Amino acid sequence: MIARGSVFSWALFLFVALCAAAGPARAQETSKQLPVSAPASGSGTRTSASAPASAPAPKAPGDETLRIEGEKRFATNCGRCHQSPHKLPPRMMATAIRHMRVRALITDEDMRLILLYMTQ
Amino acid sequence: LLGLTLLLAFSLRVQAQTEEQTGQSEPISAVPIFTMGTGFITFFPGGTPNLGPLINPEFVVPIGQNFLFETRLDLEADLVPDPNGPGWKGPAEKNVDYVQLDYIANRYLTAVIGRYLLPFGIYNERLYPIFIRNLQTDPLILPIEAGDYGSGTGAQLRGGFSVAPDVELNYATYFSAHSDVTYMGSTREAGGRVGIFLPAERLELGGEFQHLLESDHTNSFGFYGAWQPRPLPLDIRAEYARSEDGSGYWLESAYRLSQVPVWNRAFRHVQAVARMQQFFLGNPNVVSNTGLTANTNQFEFGLNYYFRDDFRFVSSYGRQFSSAGDLNIWTVGFTYRLVLPLWPGGGR
């Protein structure tokens, strides 16, 4: 009985893994097309929506590079446990990211870049 | 204590040098926040319905640039049909998961004092919250990881830093004293965990060790791994743990159906999860705190639907095989998480 359960469990795991491997191309395209400032979900629009859309502050190329790097670090680190958590107001996000630095042991550099990305 | 003092003094020196050299400081003033994970999960182990309401309120209070105070409570009930009449009956559990003060000394070291989650493995510390876990049932080896209380009382040194391009090292060492304080019990033990994270591959591998400093002075150890293949919305996680109670492992894969070409607007909210696990009883003279009386295999399959990233419907079906009797385990429920500022202007 135990052997039957084990075989079935492994078969189920392999099935899910094969399903996952079926269509990777579209995810790559989607992630490339996503603007870095796009909110992850409905409630995540609070921060970005509150900024005046008509008068965006000019950004230096270095800022954009850091923000893109921050998005990458966000996906790499936060995505290990969370399903794309939405953005919070900057002062709350500063607390949350400090909490996650302790809890998830993300590096100091990752913390700063993720905070930069999540507060823009 | 002398070593700890010297280490902290060295860390303060490194921190001062770093700030002098880079002029870096946290640019945004952090505010205290209140966050709460909550859910209502109905379990059907062996066909008997168990209602499981759960609330995890949490306070996170930053102090200055380097300190953080955080505490989380665990309030939950396990209600079963009352055999003597209509209604439901069962114990309510209350527990302080952690109440700790963190000092971020520098990029290499964070010191923690107070009551903290035991960093043995990754499930107890990272994946346990109801709004994070993919399946609502606990792994069979969780009692090995978490011990009798899931938390320790004492001090911890931990950190995560880059050791080479695209290689990060993370570690946690701890000492816990014995505590019989109501809702804040702990055992006297010491241990540590170390892991390597490869950001480019999104792969983390690590191991942990723990020595019980009371009772029968036993050792426990384990290994863990987590991998997120970059082109896929797929999480693969696994853990192995061994102690006097026994040994076992779990292997879980969770796939977000965001790549399904048909009905994508609906499917992208769906997550399919599969987990298998095995547990083998240890020393026959030791009463296992896992509650299992025989070698056990268990598989589970779950479907979660994310209405938003913080609100989801969860469901799963599992089958447990053991010589003590086979068992079906169904779960269905909702999980939700909220975050609120506790400071004027914090929400802006």
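This structure is a prediction, so every number in the text was calculated from the model and none was measured.
Contacts of B:Trp343 with chain A are made by side-chain atoms alone, with heavy-atom separations under 4.5 Å and no backbone atom involved. B:Leu169 does not touch chain A: none of its heavy atoms, backbone or side chain, sits under 4.5 Å away. Neither the backbone nor the side chain of B:Arg268 comes within contact range of chain A; no heavy atoms are under 4.5 Å apart. Interface residue B:Tyr306: only side-chain heavy atoms are found under 4.5 Å from chain A. Neither the backbone nor the side chain of B:Arg133 has a heavy atom closer than 4.5 Å to any heavy atom of chain A. Looking at A:Arg101, only its side chain comes within 4.5 Å of chain B, counting heavy atoms on both sides. Only the side chain of B:Glu58 comes within contact range of chain A, with heavy atoms under 4.5 Å apart.
Interatomic distance, CG of B:Leu117 versus CZ of A:Arg103, reported as 5.0 Å (0.5 Å rounding). The CG atom of B:Asp310 sits 12.0 Å away from the NE2 atom of A:His82 when rounded to the nearest 0.5 Å. Rounding to the nearest 0.5 Å gives a distance of 10.0 Å between CZ of B:Phe131 and SG of A:Cys81.
Considering only heavy-atom pairs separated by less than 4.5 Å from chain A, the leading option among B:Glu204, B:Arg312, B:Gln271, B:Gln320 is B:Glu204. Top candidate by heavy-atom pairs under 4.5 Å with chain B, chosen from A:Met93, A:Arg80, A:Lys72, A:His99, is A:Arg80. Comparing B:Arg126, B:Arg158, B:Arg237, B:Glu70 by how many heavy-atom pairs each has under 4.5 Å with chain A, the most go to B:Arg158.
Looking at heavy atoms from C-beta onward, B:Leu340 lies out of side-chain contact with A:Met92 at the 4.5 angstrom threshold.
Partner of B:Glu168 under the side-chain contact (heavy atoms from CB on, under 4.5 Å) criterion, chosen from A:Ile106, A:Thr107, A:Leu105: A:Thr107.
Closest approach of B:Arg202 and A:Ala75 over heavy atoms only: NH2-CB, 3.7 Å. The shortest non-hydrogen separation linking A:Pro90 to B:Ile28 is O-CG2, 3.7 Å.
Relative to the six-membered ring of B:Phe67, A:Arg98 misses at least one condition, a distance below 6.0 Å or an angle of at most 45° to the axis.
For B:Arg107 (side chain) and A:Asp108 (main-chain N/O), no donor-acceptor pair under 3.5 Å exists by modelled atom type. Counting only distance, with no hydrogens or angles, the side chain of A:Thr95 and the backbone of B:Val31 share a donor-acceptor pair below 3.5 Å.
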